[in-house]
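Let me begin by presenting the structure, written as structure tokens, before commenting on it.
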Amino acid sequence: MKIAVLVALTEFTIQIYNILSVPFIRNDMKMGPEILGLLDSFFAWGAILGGITLTTIVTWFGRKHFMSISLLLMGVFFGLIPFMQGIFSGGTIFLLFGTTLLHVSDKLLPVKKSASSAVELLK
């Protein structure tokens, strides 16, 4: 139950980001859709980097504290979005925000060691 609530919180945060990023970029930062697309690509690259570094970070922090630290970092990076001043700072924030995304949702995945176990999960 605890994991489901944390993942729901993560999904809720991502939806808020998706909805509010358009008027924020257009009205507050006075930039067009091409900048929104560029910043969203930084978010996607962050998710890719997060997936690549996932096992290393779990090894460093351990599975017990891993999700809490990821949620805390995700909240910090989400809170930094209003402080964006341009493309460079926005790209950095979105990259870091995207990096924490997979770290939070990793707890849903069962730990299996073999390929046959992965095939069993798909059945």
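This is a predicted model, so every value here is computed, not measured.
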- prompt: What is the distance from atom CG of L72 to atom CZ of F77, rounded to the nearest 0.5 Å?
  reply: 9.0 Å
Side-chain polar contacts of residues 87-98 - donor-acceptor pairs under 3.5 angstrom, sequence neighbours left out - could you list them?
unit_1, atom_1, unit_2, atom_2, d
S89, OG, Q85, N, 2.9
S89, OG, G86, N, 3.3
S89, OG, G86, O, 3.4
T92, OG1, F88, O, 2.9

Distance-only donor-acceptor hits, side chain of residues 25-35, under 3.5 Å, sequence neighbours excluded:
unit_1, atom_1, unit_2, atom_2, d
K30, NZ, N27, O, 2.7

message: Within this structure, what is the CG-OG1 distance for the pair L49 and T100, rounded to the nearest 0.5 Å?
response: 12.0 Å
field: Contact summary for I19 and P23, nearest pair of heavy atoms
entry: O-CD, 3.4 Å
